[in-house]
Amino acid sequence: MSGGGRAINVLSVAEKPSVAKSVATLLSRAQGMRVREGRSRYNKIFEFDYSIRGQHCRMLVTSVTGHLMELDFEERFRKWHSCDPADLYAAPVRKFVPQDKMDIKRTLEEEARRCQWLVLWLDCDREGENIAFEVIDICTAVNCNLTIKRARFSALIEREIHDSVQNLVEPNQWFADAVDARQEIDLRIGASFTRFQTMLLRDAFVIDSAADDRNLVLSYGPCQFPTLGFVVERFWEIQSHEPEEFWTINCSHRSEEGIVTFNWMRGHLFDYTCAAIIYEMCVEEPSATVTRVRQQEKFKYPPHPLSTIEMEKRASRYFRMSSEHTMKVSEELYQAGFISYPRTETDNFSARTDLHAIAQEQQGHPVWGSYAQRLLDPSSGLWRNPSNGGHDDKAHPPIHPTKFSGGETNWSQDHHRLYELVVRHFLACVSQPAIGAETTVDIDIAGEQFVASGRVIIAKNYLDVYRFESWGGSVIPTYVPGQQFIPTTLTLDSGVTRPPPLLSEADLLNCMDKAGIGTDATMHDHIKKLLDRFYATKDQNMRFSPTNLGEALVMGYDDMGYKLWKPNLRSMMEFDMRAVSEGSKTKAEVLETCLQQMKACFVDARSSKQKLMEAMAVFFERAARTARDEQHMMGEVVRLCGLCHQSNMVLKRNRDGNLMVGCLGFPQCRNVVWLPGSVSEAVVTANICNSCRPGPVYMIQFKFRRLEIPPNYSVDHLGCIGGCDDTLQQLTEICGTGSRMSARAGAPTPSSTSVHRTNSRQQACSNCRQLGHSSTSCPSVTSGTRNSRSRREDQQDGGLSISCNTCGASCPLKTANTANNKGRKFYSCQSEGCNFFVWEDSLQNGGGRHGANGGASNSRAHSNSLGGRGRRGRGGRGSNNATDGTFVSATGDPVSGRCYVCGDPSHFANVCPNRYA
DNA sequence: GCAAGGTC
């Protein structure tokens, strides 16, 4: 290395010790490099001589460990009761070096004093640029004559590092400003909302979390809350799911080569009549003709190179490891030198990476070594350059093995697993895709198309090493176009739609990634925070549910009309940050507008704190009740009970928050009138209804939530629960009676953003949908309260009902409205999952046609036909009255037909005893 | 006692 003139001292600072070491090693080419200790034991100082553009330099390379400084309020605003939380939007903040970083600060000061240049080797992203300015602040404070330069590099590769030091640039103030703005906004919003909601709610309710109440912090943060929002939203989606019965035609054919199932091209239909008509057409003319046989080569491609989020998702799926634990283990593997830097967004290898060398190291492994050998043997043709996932953080390569290990003695099972995942993932992504031969056979029965397919794996390739993935193969017998055959079975089967599953950790990471919540290095922290704050729990299947606390907080803000639990706020901030980093907005501008908006939002939210209190009251007992609260719990008298004539009926909320007028004689008298779920307030007035008896019946002043009732209804309504009030009945019908079963449920296509929800995990009564009782003791059967389930095309006949032979629940009398049985009356069970059904005339004719045995056995047979595809839920009723020759669909419509298998008109093929004979 | 972002 040649150099002219007098040597200058150049202080180089990297973001972490490992980068300092790499940079120093690469620049010095490991020759003449000295290592000495700094004040911090992790951050060594590397010294060597180097020449930058002909200038002879004494290089001193050291590091920080991420941010050197923190942002916080000035001391006098730090105590929670020191100020109004709203003041935190303007309270002075300052940056300071926390105690545990003081050693690094001192090292920088000492070295900077004797240097002429400062070269910043921080990661090349916005955070890195911000840390660069922290380092500049520290260093220039002790040496104002420093020449400051920035090294820009995209990988720790020799040529890249030499290039960057020969082409030093200026640090980018805009990038650093964007981070400053982000930090300040996060701090002010987080602190203000956290203090506000903690102080408001912690002492007002008995929150039964594992934490001591006094230590409980109900935190709010622009990342943790949207993360919670994802969990709650999915939970609500599941709660509001209405199972819908569907119908599908299945066809199978047994030949000498085996049995094949052909699937209906229409998938499934929700209209029973339609499905039944088509089915009957097929049954009339069951001969199948092969219309097309296709053979195609299909590929299953290996994954992209491994990024942090992908590693977390896969470790969660394959090993049930939490993302937080995965990061801890991967950090340890990285520290010990076995894998590359584990916090990377990059899923594309640089063209300069020696991929073969990485694979070569693994050839000696007892398990996957032979695969690595085969991979490196050119004659195998197994090698393939990895695909590009399209992400590059310009700082780190994809995660890959950096040192061979057959397993270390101090490794836990999870260390072994994660190392194996990193190695196998690497070997997979430099391998050829798996190849399969797929055969698809199309057939036609009476004009209906069915399809069956089979797959034979021709070459497993990467699947040989990537044991975490599989590709199912199934053999299909030979068919030729034009071939005809009679199906072995042809059945009309039913199933019910199912709600989506709870979010898994991988799902949650996906949601966060898509919405830009957190970074690859922090996403697992936000997830863990939900658990630590008792906002969510993770079940045995690694799936997340909100706790009552988490749900109540989201519900409270949602009721205020704020989307603070949605990712929008973060997206908006991210948008502004980008503007600052590109120079199109200044830090001051963004801070001013954003904080102004957030303060207005905060003040407004605080003025609606009642919503938060109400949402909490849905789930939690009040800690100390005031006299007024007690009065409210007792309820205000509306009338004398018309059922028991002994006790008063009072207006109150049940413990789930649903408004009701219930008899004080409970539990002896179970008379109750549930109020529409869209009621936000209800107060008993002194007005007395003129028509309802026995009087007096006091009228109630209602206030409805505007968004939850149709536009032609007024939000204010003076109503009567005595039975005379059509408006109230209509709104009950429209909105349902659960306080959270909002009218949004009636929207034609409920989207994930406007899901309706219930407020309790209790099983609701299948009859009236209310909580706190089962359908067998449902008071609305006798009080005649209409419910949404009774809004069907069938006519319900004057409240007549019988007890279900199967489950004992109420079976109301109804009138069929189908062509074959128009006007014929039947009883059908209201109970969820019960299939009991009986024609009224069959009861009159001796009653022997329906018995408990018949109902139960039909139900079993029908369940079997589902073949595990779906459980029968609410609305999924259907009962096959075997002796009657009719099939009753989910809507109660009896339809005639006959069995394809044996021709018996008394049943359909799906319950035929000879179906597989 | 609050956030989110670095990193050990």
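Excluded from the calculations below are hydrogen atoms, water molecules and symmetry mates; all remaining heavy atoms, backbone and side chain alike, are included. Predicted model, so just to flag it, every value in this text is computed and none were measured. Each chain gets a letter, A, B and so on, in the order its sequence line appears, and its residues count up from 1.
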Taking only distance into account, with no hydrogens and no angle test, what donor-acceptor pairs under 3.5 Å do side-chain atoms of residues 72-81 of chain A form with protein atoms, sequence neighbours excluded?
from, atom 1, to, atom 2, distance (Å)
A/Arg78, NE, A/Phe73, O, 2.7
A/Arg78, NH2, A/Phe73, O, 3.3

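A/Met199 has its CE atom 10 Å from the C1' atom of B/dG1, to the nearest Å.
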Heavy-atom protein contacts under 4.0 Å, nucleotides 2-7 of chain B, coded B base, S sugar-phosphate only, - none
BBBBBS

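Side-chain contact between A/Ser316 and A/Met542 is present, with heavy atoms from C-beta onward closer than 4.5 Å.
A/Leu108 pairs in a side-chain contact (heavy atoms from CB on, under 4.5 Å) with only one of the listed residues (A/Asp137, A/Val135, A/Val97), which is A/Val135. Each of A/His391, A/His400, A/His396 was compared with A/Phe349 under the ring-ring contact (aromatic ring centres under 6.0 Å, His included) criterion, and only A/His400 meets it.
Taking the ring centroids of A/Phe338 and A/His415, they lie at or beyond the 6.0 Å cut-off.
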